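Read through the structure below, which is laid out as structure tokens, and then see the notes.
All values derive from a computational prediction rather than experimental measurement. Residue numbers run from 1 in the order of the sequence given.
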Amino acid sequence: MKRIPMMLQLGLILFCVMTVPATILTWYSGTQIMGNSEDAIAESSLAGLNANRKLNENALNNLAQDTVRLAATNIFDRIRGFETFAELNENYNNVSGALSVLKELVNLNHRVNGVYSSYFYLDGADYVVSTDKGITALDRYEPIGWMEEALAGRRGISGVWYPRRMATGETVVSYVLPLNRLSTTTRGTIVVNLREKQIGEYLRSSEPGEHGYLLMKSDGTIISHNDKTLLLSDGTKQPFMQEVLESEAKEGYAYHELENERLLYTWSRSNLLGWWNVNIFSLDELMAKTRILQRSILLLTAVLIFIGSILTVFLATWLSKPLRELVRTVRARGNLGVADKNELAFLGAAFRRMQEEEEELYKLLQEREQDTRSLAIHQLLRGEVAKPVAEMFPEPYFRVAVVSIDRYRRYVNKTNPETRSYHRYLLISQCDSLFPAGVHARCVYQGEGCFAIVINYGQEELERGLRGIKEAFSAIRSKAAELFGHSVTIGVSSRAETSAMIQDRVVEAMEVIKHRMLEGSGGITFWKQEAEQGKSYIYPTNSERRILNFLDGGNLDSIMKELELIRGEIQSAQYISYDNIMFIYNQLIGVTLKHLRENNISTARIFAGRGNIYSAIASIDTLDELEEYLREFFGEIIQYLARNPGETGHGERIIHYLEAHFCEEIVFEEMAKEIGISYSYMRKIVYELTGKSLIDYINLLRIEKAKGLLLETKLNMKQIAEEVGYYNVQSFNRFFRKYEGMTPSSYKASKCRTIKNDKENQNS
């Protein structure tokens with residue numbers, strides 16, 4: 001290769017770079033397309049089926065919601081008093097009310113495509129108001145007896161969908177919605193008839209090679225089919241449909257062969273309606289498209305390789321021109337001893353020569369560098385003992401001191417990078433001169449506002465009790481405060497006997513710095529071995545609960561008193577680590593934020609612009625600063641809750657609603673939606689306010705009312721049970737015994753005897 005001309009090498013490289021990946025990609029894509037085509041097509045078809053199912057569900061759901069909204073209006077109250085067709089036609093006002101109902105039904109028809117007709121039937125009336133025949137007598141309209149069967153399986157207050165064939169022969173899916181007694185006193189039913197062919201439009205797949213589609217109820221009744229003769233028939237009699245209905249999976253696909261044709265069955269069951277959506281495709285037709293696609297990819301790859309080959313020749317010539325000229329120039333100016341080699345080999349030899357010369361020059365400069373001592377100190381702090389260390393530190397004992405700028409983030413915000421670099425230079429240059437004779441010290445900057453000082457001293461300084469070193473630390477603290485405009489904290493490690501122990505002493509000094517959390521900033525602290533073994537973490541759980549209660553009550557002063565108690569507990573502990581202190585306050589912040597989110601209170605709005613709270617806490621040096629930060633933190637929460645009382649006032653609405661409607665059938669999920677919260681959160685609020693679950697609280701309200709009716713009225717047990725919301729006497733007796741410990745009749749007899757005895761005692 002070294003003897004092949006560079007232009008030819010470059011052309012070959014470019015050609016390989018382009019051709020090899022393209023060839024591999026084409027081969028791989030073709031293999032994957034053929035190898036995974038069936039599953040890929042099945043997954044794609046299933047995704048399309050799910051999309052069509054959701055489209056159909058959305059259309060049905062929108063129509064149902066529009067019908068529910070219409071039912072919630074008072075428009076039907078206008079004809080509530082007219083049970084006969086003759087009464088309705090007595091005067092213009094009566095007819096006008098019915099026409100208003102008809103107008104709303106017509107508007108309902110126009111909101112969703114494919115509605116055939118809709119009508120309203122007033123319970124007990126002999127007429128209907130319909131969009132297809134207007135206001136007409138019941139005996140002239142299609143039979144409505146099917147509605148009883150449609151509503152037989154109804155749950156809650158929502159309507160039901162019921163497929164049927166109308167008297168006109170039109171196949172429809174009817175939405176039947178009885179008026180809700182909670183929203184109106186009118187009793188009647190709204191029926192909206194959606195054409196089956198409209199549902200077929202939603203379900204019809206756009207995939208090529210479609211064989212058919214099918215929509216079935218859970219019992220197998222065909223709701224929609226591309227073959228209209230099969231509508232409302234038993235779908236289980238269709239090929240392979242029984243397997244689909246018996247499938248445990250809510251969605252999936254399977255391959256079957258029917259009359260020498262491979263078919264792909266995809267199915268998906270609706271969680272909303274319980275209906276089965278099935279599409280049937282001819283797999284042979286779908287695979288034909290895959291084979292065409294593979295041939296197209298091969299042809300396109302061949303065209304690209306041909307065009308790329310032409311471009312490769314041009315690029316190789318153009319790109320290699322400057323390099324060839326450079327080689328000619330270098331050859332003319334010097335002989336590198338490289339013969340019979342191409343341009344790339346020649347340049348490689350030239351660059352190696354330059355690299356060798358550069359390395360020699362770098363070594364020479366590094367040996368003569370004036371700041372070799374700083375480099376050696378940095379290496380020593382990392383545990384690497386360099387040659388100059390023995391010359392700089394001839395004494396037998398070592399210590400490491402770390403000088404940390406207090407409130408470093410505030411210092412960074414007040415100064416620019418150039419100023420901070422100048423401050424560092426001044427402190428490092430003056431630091432060595434502050435130590436007494438016989439003590440050797442070297443200072444370097446470690447980053448994040450921390451300076452490391454390696455101190456080397458002898459037996460004389462040790463016998464003096466490190467007095468000279470301590471005086472130097474005081475001088476450094478004063479000088480640093482003057483330079484930075486901030487106080488500094490100095491942490492000093494224990495004694496080391498050799499330079500190899502310096503790295504461990506750096507860790508000790510950094511740990512000592514953390515003590516300013518308890519002792520305050522600006523101090524000079526020496527390492528003391530703490531007996532941490534067996535010490536357990538402390539956490540003020542009771543204070544946490546009280547703070548959350550005070551937060552809910554908006555009592556900032558009580559919160560601050562609890563924070564003072566926490567601080568007192570920390571300061572009074574015989575030993576507590578810095579990590580334990582950070583854990584306490586981080587946990588307190590986290591619990592507070594979780595409490596706010598569980599109560600649907602937006603923390604983003606409260607703390608907009610504050611930044612990362614946990615990072616802010618980690619950068620705080622002392623307990624005083626922590627307490628100040630938490631005062632602002634809880635103060636912002638309480639101010640926000642005072643400005644937005646609506647975020648915490650759900651409890652009163654829930655209790656008021658339950659006390660007003662406990663005798664009725666309440667659908668809790670619908671109630672939660674109406675209030676604007678989740679069902680689980682509503683249960684939590686009721687339990688916190690009453691100490692009982694939703695069911696227990698409603699039953700207690702019912703039993704309390706039943707006790708009054710037992711003593712104050714002459715109603716029988718069945719009447720009282722119905723009055724307080726129980727459907728039968730057995731349920732009433734069971735719940736009464738659960739909460740009162742006796743049956744209703746025993747309770748009534750016991751109370752009557754007590755009242756009678758009281759009267760006799762008064763008379764005597």
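Ring pair Phe393/Phe398 is perpendicular by interplanar angle, where above 60° counts as perpendicular and below 30° as parallel. Using cut-offs of 30° and 60° on the angle between ring planes, the pair Tyr747 and Phe736 is perpendicular.
Between Arg631 and Asp557, none of the side-chain N atoms (NZ, or NE/NH1/NH2) sits under 4.0 Å from a carboxylate O, so this pair counts as no salt bridge. Under the 4.0 Å criterion applied to side-chain N and carboxylate O atoms, Glu461 and Arg467 are not assigned as salt-bridge partners.
For the pair Leu588/Phe583, no side-chain contact is recorded, criterion being any heavy-atom separation below 4.5 Å from C-beta on. Looking at heavy atoms from C-beta onward, Met671 lies out of side-chain contact with His661 at the 4.5 angstrom threshold. Counting heavy atoms from C-beta on, the side chains of Asp66 and Val68 never come closer than 4.5 Å. Put simply, the side chain of Lys479 does not reach to within 4.5 Å of the side chain of Leu426, judged on heavy atoms. With contacts defined as side-chain heavy-atom distances shorter than 4.5 Å, the pair Val454/Val506 does not qualify. No side-chain heavy atom of Arg69 sits under 4.5 Å from any side-chain heavy atom of Thr73. Residues Cys450 and Met510 are in side-chain contact: their nearest non-hydrogen atoms beyond the backbone lie under 4.5 Å apart. Phe473 has its side chain out of reach of Leu434: every pair of non-hydrogen atoms, C-beta onward, lies at least 4.5 Å apart.
Put simply, the side chain of Asp696 never gets that close to the backbone of Lys692: no donor and acceptor are under 3.5 Å apart. In this structure a side-chain-to-backbone donor-acceptor pair under 3.5 Å is present from Arg477 to Gly522. Put simply, the side chain of Ser750 never gets that close to the backbone of Ser746: no donor and acceptor are under 3.5 Å apart. Here the side chain of Ser493 pairs a donor or acceptor atom with the backbone of Val400 at under 3.5 angstrom. Side-chain atoms of Ser421 never come within 3.5 Å of backbone atoms of Pro417 as a donor-acceptor pair (strictly under, hydrogens ignored).
Heavy atoms only, all atoms of each residue included: Cys443 and Ile428 are closest at O-CG2, 3.4 Å. Between Asn271 and Glu57, the closest heavy-atom pair is N-OE2, 4.3 Å. The minimum heavy-atom distance linking Val412 with Arg420 is given by the pair O-NH1, 3.3 Å. Closest of all the heavy-atom pairs between Asn555 and Ser558 is ND2-OG, 2.7 Å. In terms of heavy-atom proximity, Gly491 sits nearest to Val512 at CA-CG1, 3.5 Å. The minimum heavy-atom distance linking Pro396 with Asn456 is given by the pair N-ND2, 4.2 Å.
In Tyr425, the OH atom is not crowded: 12 or fewer heavy atoms of neighbouring residues, nucleotides or ligands sit closer than 6.0 Å. For Lys751, the NZ atom counts as loosely surrounded, since its 6.0 Å shell holds 12 or fewer non-hydrogen atoms of other residues, nucleotides or ligands. Dense packing is recorded around OH of Tyr657, with more than 12 heavy atoms of other residues, nucleotides or ligands lying under 6.0 Å away. Heavy-atom neighbours of Gln459 CD from other residues, nucleotides or ligands within 6.0 Å: above the threshold of 12. Other residues, nucleotides and ligands contribute at most 12 non-hydrogen atoms within 6.0 Å of the OH atom of Tyr687. Within a 6.0 Å radius of CZ in Arg464, more than 12 heavy atoms belonging to other residues, nucleotides or ligands are found.
In this structure, Arg495 is positioned above the aromatic face of Tyr397, its NZ or CZ under 6.0 Å from the six-membered ring centre and within 45° of the axis. In this structure, Lys707 is not positioned above the aromatic face of Tyr739 in the sense of NZ or CZ being under 6.0 Å from the six-membered ring centre and within 45° of the axis.
Counting only N and O atoms by type, the side chains of Tyr411 and Asp406 include no donor and acceptor under 3.5 Å apart. For the residue pair Arg505 and Ser494, a side-chain donor N or O sits within less than 3.5 Å of a side-chain acceptor on the partner. A donor-acceptor pair shorter than 3.5 Å cannot be found between the side chains of Asn733 and Tyr726. Donor-acceptor pairing under 3.5 Å is lacking for the side chains of Ser474 and Glu471.
Atom CD1 of Ile476 is separated from atom CG of Leu483 by 11.5 Å, given to the nearest 0.5 angstrom. Distance check: Leu556 CG to Glu636 CD gives 11.0 Å after rounding to the nearest 0.5 Å. Rounded to the nearest 0.5 angstrom, Gln446 CD and Arg424 CZ are separated by 12.0 Å. Going from atom CD1 of Ile469 over to atom CD1 of Ile455 covers 5.5 Å, rounded to the nearest 0.5 Å. The line from CG of Leu700 to CD1 of Ile695 is 11.5 Å long, rounded to the nearest 0.5 Å. To the nearest 0.5 Å, atom CG of residue Leu630 and atom CD1 of residue Ile559 are 10.5 Å apart.
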Quiz prompt | Intermediate values then yes/no, side chain to side chain donor-acceptor pair (under 3.5 Å), Tyr727 and Glu665 | solution = CA-CA 10 Å; Tyr727 290 108; Glu665 180 183 0; 3.0 Å; yes
Self-check item: Steps toward salt bridge (Lys or Arg N to Asp or Glu O under 4.0 Å) verdict (Lys561, Glu564)
Solution: CA-CA 5 Å; Lys561 290 180 181 179; Glu564 291 175 3; over 6 Å; no
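For Tyr697, there are no ring pair (Phe, Tyr, Trp, His ring centres under 6.0 Å) partners at least two apart in sequence or on another chain.
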